[in-house]
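Heads up: the structure comes next, in structure tokens.
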Amino acid sequence: MPDGPGGIAPPPGGFHPPVKRSMTIAAHPTSISLEPMFWEALEAAASARGLPLSALVAQIDYLRIQADDPPNLASALRSWLLHDATKLRQ
């Protein structure tokens, strides 16, 4: 696909809507909606740390609820992933 204004291009495979997954976090069932690329990045981050996906999400959720004004879990996961990816490039 050709680059758009400013020379940017869509992500490989294009844009995709969020996918909802259910998991149990801290003994509570929850559903999380994230775009497929974020699920893939979370799975890779969990694998790199030798953790099940639900354990990594639970750790991020724990950090999220410590904030004065916690964002929703999907936003916290996306923010954590961006921070983690940026940290790896430094």
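These numbers come from the heavy atoms of this one structure, side chains and all, not from hydrogens, waters or symmetry mates.
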Residues passing the side-chain contact (heavy atoms from CB on, under 4.5 Å) test with A55, sequence neighbours excluded, are L51, P52
In terms of heavy-atom contacts, L56 and A45 come closest through CD2-CB, 3.8 Å
State plainly whether one hydrophobic cluster holds both L42 and M37, where clusters connect Ile, Leu, Val, Met, Phe, Trp and Tyr through side-chain heavy atoms under 4.5 angstrom apart. yes
Contacts satisfying side chain to side chain donor-acceptor pair (under 3.5 Å) that involve residues 70-79 (not counting sequence neighbours) are E35-R78, N72-S75
In this structure, would L53 and Y62 fall into the same cluster of hydrophobic residues linked by side-chain contacts under 4.5 Å? no
For residues 63-76, the salt bridge (charged side-chain N to carboxylate O under 4.0 Å, His left out) pairs (sequence neighbours left out) are D61-R64
Residue pairs passing the side chain to side chain donor-acceptor pair (under 3.5 Å) test with at least one member in residues 46-58, sequence neighbours excluded, are R49-D84
Residues at least two apart in sequence or cross-chain that pass side-chain contact (heavy atoms from CB on, under 4.5 Å) with I32, listed by chain then number, are M23, I25, T30, L34, W39, V57, L73, A74, L77
Contacts of E43 meeting salt bridge (Lys or Arg N to Asp or Glu O under 4.0 Å) (sequence neighbours excluded), chain-then-number -> R21
